[in-house]
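Each chain gets a letter, A, B and so on, in the order the sequences are listed, and its residues count up from 1.
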Amino acid sequence: MRQSQLLIPTLKEAPAGAEVASHQLMLRAGLIRQVAAGLYTWLPLGLRVIRRIEAIIREEMNRSGAQEVLMPVVQPAELWLESGRWEKMGPELARLVDRHERDFCLGPTHEEIITDLFRREVHSYRQLPCNFYQIQTKFRDEVRPRFGVMRAREFTMKDAYSFAADQAAFDATYREMHDCYSRILRRMQLDFRAVEADTGNIGGANSHEFHVLAESGEDTIAYASQGSYAANLERAVAAPPPPRPAPGESMSEVATPGMATIAEVAQFLEAPVRQCVKALAIRGEDNPILIILRGDHELNAIKAQKLPGVKRPLEFASEAEIRTATGASPGSIGPVGAQVPVFVDHEAAAVADFICGANRDGHHWVGVNWGRDLPLDESQLRDLRNVAVGDPAPNGQGELKFLKGIEVGHIFQLGDTYSQAMGATFLDREGKAGVPIMGCYGMGVTRLVAAVIEQHHDAAGLRWPEALAPFDAHLVALNYGKSESVREAADGLLAELSAAGIAVLLDDRPERPGVKFADADLLGVPSRIIIGERGLKQGCVEVRIGHGADLEQIAPTEVIARLR
RNA sequence: CGGGGCGUAGCGCAGUCUGGUAGCGCACUUGACUGGGGGUCAAGUGGUCGCAGGUUCAAAUCCUGCCGUCCCGACCA
């Protein structure tokens, strides 16, 4: 294709709003333009990349035995009422009303639609297992769209839904999809990790996320320094703490005037922070609920949200609510004598002779011991904290380390959540009704474009992996407009290479060489062919086959062989 | 939704504090020169200063309200 005929509006400077590398480069290289918050137009170059990603996904999904379908973006409320998610989803689900006053939503995902299809059309165990996928537009009214297409409101997703007659059959499909995702990401030359994850809004028992490693990633991955354990921080666990030492001190109250934070209290009492225990008050259905963590630990909101009686989404209790419930301000509350439900993190429960708020302003207890000074029932024990770098790994191998990742894929074990709720069944070998076990498998196509760029760029611009580049070769024709010989050579190569099925972009614009080179570096097409009068006089063009390769002088007739 | 920032030409910005009728660089158009790493010169095009209301002889500038957008926190492919 001719560059003069394509809209590729490159920019020297990145627009002010773009912070991360991929967003800046996507704007600068003319892949996308923003329409509104979280809504983007894909320009020709960006769309070509999307198409190549989709092609790889299709190939691998088809290879895994999945069948492609296409479901509607607009979905009737009835199905969502059946699954219970019409209420559960909240404002992220964009709702609309048609001219007949019927309720609809813009599909953020398609479990309801596919389960409805299944119950209508699939009736026999002979048709199982089966796996349906689509590549389609999703809409999620994100609280905060961010980083360009990385977190957009409207985006393209490949989503798949599997149905199996029993757990063993399901497990096989799940493993196959796990492998399939790994193949897809490897073909895109991505450095990624598959990690255990929280299931969030989709529901179900277990899930794995696929993260492309990048400093700009929004997620933190915890992994064991040895062995294979890796999990999203939302879900990551550490090895259990050693048993609690026996009490060594007696409990007494000390004045801690004006001390509100753990750090202040610890310093004032000349005790290590990990000797303190902190109490966080979160909102329960009616009363606040106290969460007890070791002083140096951080609350994990996802884990806390799963506690019985906790209001979702998780909110901290207000100062007034805390005062009403405990009689003290937030800086002085503690588990001793608490009149509200108390949940204790395993690590906090393993501390002896600890320091905690006395539920009296400006006072703390020291030398406190579980069991002796306050009750601790097994039922109160939970894992409620974020693991930290250096924690012992749960697999008993080494310690935990962190990486940042971009979640590009997420596979879920749904169990029979949806099939049960929506009455999807099949007849088994004995002629009895069975409830299919489902899985669902998402992969963010447009997000992948950003993720690929995060891993494949340099100071000058993009560096597309060959499998994803919008073009295979960039023909940079110098002085194309005025030099007859350049024009002939360039047009000839364009025709020849195109006929051979090589996607070529010919820079035939009347720009100076410097501009063309700078744009070529920005666009990041893997192979480059430079055609100039200087070389042609010696019967040569210059080629660079692949990123970072050396420039070679070869005859124009040899180009096609070198590119193959 | 809470906190903060920003809205002036396609992009990046100055001008706002201290009111006086809008400017710089790049881009774009035309011409000339130039022609292997964002070239030079000349002449141009392009702006309801986010929107609405108010104060004033006069508003990009002051006041009020609204909208948009970006960043930081709770959600997710």
Side-chain angles (χ1 to χ4, degrees), chain A residues 9-20 23-24 27-28 30 33-39 57 89-93 108-110 135-160 181 197-202 207 209-212 218-219 232 234 282 299-302 304-305 312-316 405-412 440-451 460 476-483 486 510-522 530-536 541-542 551:
Chain A
T10 57
L11 299 171
K12 279 189 191 175
E13 295 170 288
E19 300 256 321
V20 299
H23 189 197
Q24 293 184 350
L27 291 165
R28 286 190 53 212
R33 284 296 183 263
Q34 184 179 43
V35 175
L39 303 177
I57 292 175
M89 286 293 279
E92 189 181 320
L93 184 67
T109 174
H110 283 70
I135 296 176
Q136 193 246 24
T137 300
K138 297 281 185 279
F139 189 90
R140 296 182 187 176
D141 200 354
E142 292 279 351
V143 189
R144 184 148 114 71
R146 230 195 303 210
F147 303 154
V149 300
M150 196 92 87
R151 174 178 301 283
R153 291 194 290 176
E154 185 177 307
F155 58 97
T156 303
M157 179 162 118
K158 186 287 299 172
D159 47 324
Y181 272 38
D198 183 74
T199 53
N201 252 336
I202 306 287
S207 73
E209 289 170 344
F210 288 77
H211 285 267
V212 169
E218 297 182 85
D219 288 273
N232 192 310
E234 294 174 351
I282 59 174
L299 177 70
N300 180 307
I302 303 285
Q305 206 165 266
R312 302 174 67 147
L314 186 95
E315 288 171 13
F316 286 99
I406 301 165
E407 182 193 349
V408 297
H410 200 160
I411 61 178
F412 298 84
C440 76
Y441 317 90
M443 183 169 262
V445 174
T446 41
R447 180 180 283 180
L448 269 167
V449 180
V476 181
L478 305 177
N479 205 11
Y480 178 90
K482 293 208 181 141
S483 166
V486 167
E511 293 288 352
R512 292 173 56 86
V515 174
K516 294 196 177 202
F517 287 132
D519 273 350
D521 290 344
L522 180 58
I530 302 164
I531 304 171
E533 279 189 309
R534 187 191 290 177
L536 288 177
V541 296
E542 284 151 278
L551 273 180

key: Atom-to-atom span, CZ of A:Arg140 to C1' of B:A74 - whole angstrom   = 17 Å

note = Rounded to whole Å, CD of A:Glu142 lies from C1' of B:C70 at a distance of 16 Å

At a cut-off of 3.5 Å, list every protein nitrogen or oxygen paired with a nitrogen or oxygen from nucleotides 66-69 of chain B, distance to 0.1 Å.
{"from": "B:U69", "atom 1": "OP1", "to": "A:Ala37", "atom 2": "N", "distance (Å)": "2.7"}

A:Arg146 vs A:Val445, nearer the 5' end of RNA chain B by closest nucleotide = A:Arg146

note = Ranking A:Leu314 and A:Ala18 by the position along RNA chain B of their nearest nucleotide, the one closer to 5' is A:Ala18

Which of these nucleotides, [options], is closest to any side-chain atom of [X]?
| X | options | answer |
| --- | --- | --- |
| A:Gln305 | B:C75, B:C76, B:G12 | B:C75 |
| A:Arg151 | B:C1, B:G12, B:A77 | B:A77 |
| A:Phe147 | B:C71, B:G12, B:C28 | B:C71 |

Acceptor/donor pairs from residues 442-451 of chain A side chains to any protein atom, 3.5 angstrom cut, sequence neighbours excluded:
{"from": "A:Thr446", "atom 1": "OG1", "to": "A:Thr156", "atom 2": "N", "distance (Å)": "3.1"}
{"from": "A:Arg447", "atom 1": "NE", "to": "A:Met150", "atom 2": "O", "distance (Å)": "2.7"}
{"from": "A:Arg447", "atom 1": "NH1", "to": "A:Glu407", "atom 2": "O", "distance (Å)": "2.6"}
{"from": "A:Arg447", "atom 1": "NH2", "to": "A:Met150", "atom 2": "O", "distance (Å)": "3.2"}

task = Going 5' to 3' through nucleotides 37-43 of chain B, assign each nucleotide B (protein heavy atom under 4.0 Å from a base atom), S (under 4.0 Å only from sugar-phosphate atoms) or - (no protein heavy atom that close).
result = BBB----

ask   = Is there a side-chain polar atom (N or O) of A:Arg144 under 4.0 Å from OP1 or OP2 of B:C71?
value = yes

key: Whole-angstrom distance between B:U55 and B:G65, as gauged at atom C1'   = 15 Å

